[in-house]
Amino acid sequence: MPVHNSEISDIFGKMADLLEIKGANQFRVRAYRNGALSISNLSKSLRNMVSEGVDLTDIEGIGKDLSDKIKEIIETGYLEELQELELEFPGGLIDILKIQGLGPKKVKVLYDELNIGNVDELRKAAENNDIRKLSGFGAKTEENILDGIKAREEKGEDKRFLFAKAEEFILSLTEYIKGINGVNKVTVAGSYRRRKETIGDIDILVTCKDRDIVMDKFTNYEDVNKVVSQGNTKSTIILNSGLQVDLRVVDGESYGSALLYFTGSKAHNVVLRSIAKDKGLKVSEYGIFKGDKNLASKTEESVYKKLGLSYIVPELRENNGEVEASKNNQLPKLVELNDIKGDLQMHSHYSDGSNTIREMVEAARKMGYEYIAITDHSKRVTMAGGLKRDDVLKQLEEINKLNEEYDDITILKSIEVDILKDGTLDLSDDILKELDLTVCSTHYNRNLSREEQTKRILAAMENPYFNILAHPTGRIIGKRGEIDVDMEKIIESAKKNNCFLEINAYPKRLDLSDNYCRLAREMGLKLSISTDAHSINDLNNMIYGINQARRGWQRPEDIINTRSLKELLQLLKKD
DNA sequence: GCCGTTTTCGGCCCGACTGTTTTCAGTCG
């Protein structure tokens with residue numbers, strides 16, 4: 001029975017939700033949540049770890065009990081204790097818990113008093129004004145519940161925004177805030193600053209002269225749909241897009257500690273606070289304190305320093321070993337946008353791209369690239385106008401001519417060749433051997449079993465002309481999951497066959513995930529970062545791939561397209 | 001339920017805001 005880390009993490013999340021409604025010890029609830037988070041951050045699959053006999057209690061937040069529960073889930077596909085809890089409380093309560101303003105205590109009262117077990121029943125009760133009669137509830141709460149239900153329906157359940165999409169809203173909002181009279185610093189903190197692939201909500205920190213003016217202007221921003229709260233230090237709005245934004249006004253003196261606190265992640269902050277505690281200190285958004293004395297607060301660096309740590313960049317703040325690395329001065333120097341010397345996946349009008357090769361080359365020259373690879377689709381991908389043998393030959397001719405014309409950039413001859421169901425490549429070796437490199441990917445037969453899917457890709461990697469596995473899991477964030485593969489085996493095989501995996505920078509893909517990037521780094525496999533551009537504008541997406549790589553602990557030397565053309569070709573060479 | 005150079009029990013982050021109640025509990029991040 002295939003059980004993935006995300007499923008185990010979800011089960012522990014549900015356990016936490018239902019236990020909380022039940023009124024269980026809050027620290028027990030937290031233990032489940034910590035366990036869920038810890039699992040979702042793992043680079044290796046628990047399934048493989050169990051079969052290899054790894055001691056799961058080595059994982060932070062996993063003790064004897066959760067370790068046994070993980071094994072139970074992997075063996076049986078479910079957790080008996082959760083099933084028992086679901087008999088006590090309807091599963092629909094978890095949906096109610098997700099509505100803004102409703103926490104475990106209120107949900108339990110609603111269930112106990114009015115027998116409300118799902119969102120529909122909740123809506124009816126609110127519309128009948130039954131809820132305001134309950135002690136602790138009132139007319140305003142009822143109104144907020146209806147608003148909350150509506151917001152969830154409009155926004156869609158658990159909807160997070162793609163980083164690139166959230167960025168659009170954030171840029172115009174921060175411009176607006178910067179224009180408010182008396183505003184000094186404006187910084188977007190939270191998961192946006194950590195460059196997560198998706199963003200739940202936005203935290204903006206400002207320093208200013210007059211708090212009231214800023215809060216007033218903020219809640220009256222033209223794109224506001226609802227003002228959730230407005231106070232002196234914190235206000236919350238929901239934009240018309242459904243994106244929630246918190247604005248926090250802080251003193252310049254505590255800017256660093258506030259930035260640290262509101263950038264998170266929560267797990268990172270918890271570790272920092274425990275280090276502080278061991279040293280007899282206390283960390284809050286106002287500073288790092290010894291008794292009442294504030295030792296440091298102005299910059300993040302100063303707070304880290306008081307904890308005996310070197311500065312940790314936001315992308316690494318997930319409690320994935322970054323604190324330990326900082327303590328030992330072993331933090332990696334992460335790859336940056338200007339390390340990139342070329343782009344190894346893009347499409348032209350030969351297949352489904354919207355620009356000519358020449359236009360792509362001109363755009364790449366403006367970006368200062370030393371090389372690009374033109375990687376149109378191969379024939380199997382009919383929908384995208386995949387290239388047949390003769391089309392490829394024609395394209396190679398055009399590229400040869402262009403290469404004669406330009407002396408500041410090299411156009412690498414390549415193709416995004418489809419990996420067929422049986423693991424063979426969609427074009428024969430005699431044409432592949434004419435190319436400088438191949439970018440290989442799966443587009444069809446996404447539903448194969450884990451064993452078959454893995455076997456398919458391993459077989460393809462045995463082909464002597466296989467260079468880069470593009471968008472390795474085929475996911476589309478928020479729309480389509482990953483194909484089921486054993487990534488450890490794929491990475492092993494890539495190393496063995498001198499192949500590489502791609503970080504696809506396309507905002508909807510960002511494939512590899514940060515966890516898989518870390519796995520590749522741990523296993524010593526190099527990656528490429530490519531935009532998969534279908535137009536000249538898409539070439540600018542490289543930054544999103546860089547973000548992903550940085551979250552995956554990638555250094556410049558781990559990325560093949562940080563190399564000069566000469567070094568790159570050397571790396572691609574098979575023995 | 002997890003964790004541990006104060007290790008097998010006792011602690012586990014805490015401050016802001018809202019809505020209800022009348023001094024504070026619940027929620028959120």
Side-chain angles (χ1 to χ4, degrees), chain A residues 12 15-17 19-21 23-39 56-70 79 81 96-110 131-145 147-148 189-192 199-205 211 215 219 226-238 244-250 254 257-258 260-289:
Chain A
F12 285 169
M15 281 296 295
D17 284 342
L19 283 172
E20 200 169 25
I21 292 169
N25 178 324
Q26 55 168 315
F27 299 108
R28 187 174 165 220
V29 172
R30 193 182 296 172
Y32 275 100
R33 291 207 203 287
N34 288 342
L37 181 67
S38 193
I39 290 167
L56 300 181
T57 62
D58 288 345
I59 303 168
E60 202 174 314
I62 305 296
K64 173 84 177 68
D65 186 86
L66 291 189
S67 166
D68 288 345
K69 288 192 163 79
I70 290 169
L79 183 62
E81 207 173 319
I96 297 179
L97 199 57
K98 305 271 186 280
I99 290 166
Q100 187 149 37
L102 291 182
K105 298 273 164 50
K106 285 205 162 96
V107 170
K108 180 152 197 308
V109 172
L110 289 167
I131 290 175
R132 64 179 66 186
K133 294 167 197 155
L134 298 172
S135 157
F137 293 74
K140 185 74 191 162
T141 312
E142 216 165 46
E143 197 182 303
N144 284 342
I145 286 173
D147 280 353
S191 52
Y192 178 79
I199 307 293
D201 52 29
I202 306 296
D203 294 285
I204 303 178
L205 258 62
R211 288 166 178 257
M215 287 308 191
T219 52
K226 182 183 162 85
V227 177
V228 179
S229 68
Q230 178 169 358
N232 202 302
T233 58
K234 181 194 166 188
S235 295
T236 299
I237 59 172
I238 294 174
Q244 178 174 316
V245 185
D246 291 357
L247 185 73
R248 297 169 191 274
V249 177
V250 300
S254 55
S257 45
L260 184 60
Y261 183 86
F262 291 113
T263 296
S265 68
K266 203 172 171 180
H268 179 79
N269 287 350
V270 168
V271 178
L272 296 190
R273 281 192 291 265
S274 78
I275 291 176
K277 217 180 145 198
D278 291 345
K279 292 177 183 288
L281 306 172
K282 194 189 85 169
V283 178
S284 78
E285 62 253 57
Y286 297 107
I288 177 163
F289 295 87

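Letters A, B, ... are given to chains in the order of the sequence lines, protein chains preceding strands, and every chain is numbered from 1.
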Checklist entry - Taking atom C1' in both B:dG26 and B:dT21, what distance in whole Å separates the two? => result 13 Å

Item to check | Whole-angstrom distance between B:dC9 and B:dC14, as gauged at atom P | outcome: 25 Å

Next on the checklist: Quick check on DNA chain B: between A:Val107 and A:Val29, whose nearest nucleotide comes earlier from the 5' end?
Outcome noted: A:Val29

Next on the checklist: For the C1' atoms, the ones on B:dG19 and on B:dC12, what distance do you get once it is rounded to whole angstrom?
Outcome noted: 29 Å

Checklist entry - Would you say A:Tyr286 reaches B:dA16's phosphate, i.e. side-chain N/O to OP1/OP2 under 4.0 Å? => result yes

Checklist entry - How far does the P atom of B:dC28 sit from the matching atom of B:dT23, given to the nearest Å? => result 26 Å

Next on the checklist: Categorize A:Gln26 for me: base, sugar-phosphate, or nothing, with a 4.0 angstrom heavy-atom threshold over every strand shown.
Outcome noted: nothing

Checklist entry - What does A:Phe12 touch in the nucleic acid at a heavy-atom separation under 4.0 angstrom: a base, only the sugar-phosphate, or nothing? => result nothing

Checklist entry - If you look at every strand shown and take non-hydrogen atoms under 4.0 Å, does A:Lys69 touch a base, only sugar-phosphate, or nothing? => result sugar-phosphate

Checklist entry - What nucleic acid atoms does A:Ile202 come within less than 4.0 Å of, heavy atoms only: base, sugar-phosphate, or nothing? => result nothing

Checklist entry - Expressed as a whole number of Å, how far does the C1' atom of B:dG10 sit from that of B:dG15? => result 25 Å

Checklist outcome for this item: Within residues 227-236 of chain A, those residues having any heavy atom closer than 4.0 Å to DNA chain B are A:Ser229, A:Gln230, A:Gly231, A:Asn232, A:Thr233, A:Lys234

Checklist entry - Any side-chain donor-acceptor pair under 3.5 Å between A:Glu285 and A:Ser257? => result no

Next on the checklist: Categorize A:Ala139 for me: base, sugar-phosphate, or nothing, with a 4.0 angstrom heavy-atom threshold over every strand shown.
Outcome noted: sugar-phosphate

Checklist entry - Which part of the nucleic acid does A:Asn34 contact within heavy-atom distance under 4.0 Å: base, sugar-phosphate only, or nothing? => result nothing

Item to check | Same-atom distance (C1') from B:dT5 to B:dG1, integer angstrom | outcome: 24 Å

Checklist entry - On a whole-Å scale, what distance lies between the P atoms belonging to B:dG11 and B:dT7? => result 14 Å

Checklist entry - When rounded to the nearest Å, what value does the distance between P atoms of B:dT8 and B:dG4 take? => result 13 Å

Item to check | A:Lys282 side chain near B:dC14 phosphate (N/O to OP1/OP2, under 4.0 Å) | outcome: no

Item to check | Lys/Arg-Asp/Glu bridge criterion (N-O < 4.0 Å) met for A:Arg132, A:Glu143 | outcome: no

Checklist entry - Base, sugar-phosphate, or nothing: which does A:Phe137 touch, judged by heavy atoms less than 4.0 Å apart? => result sugar-phosphate

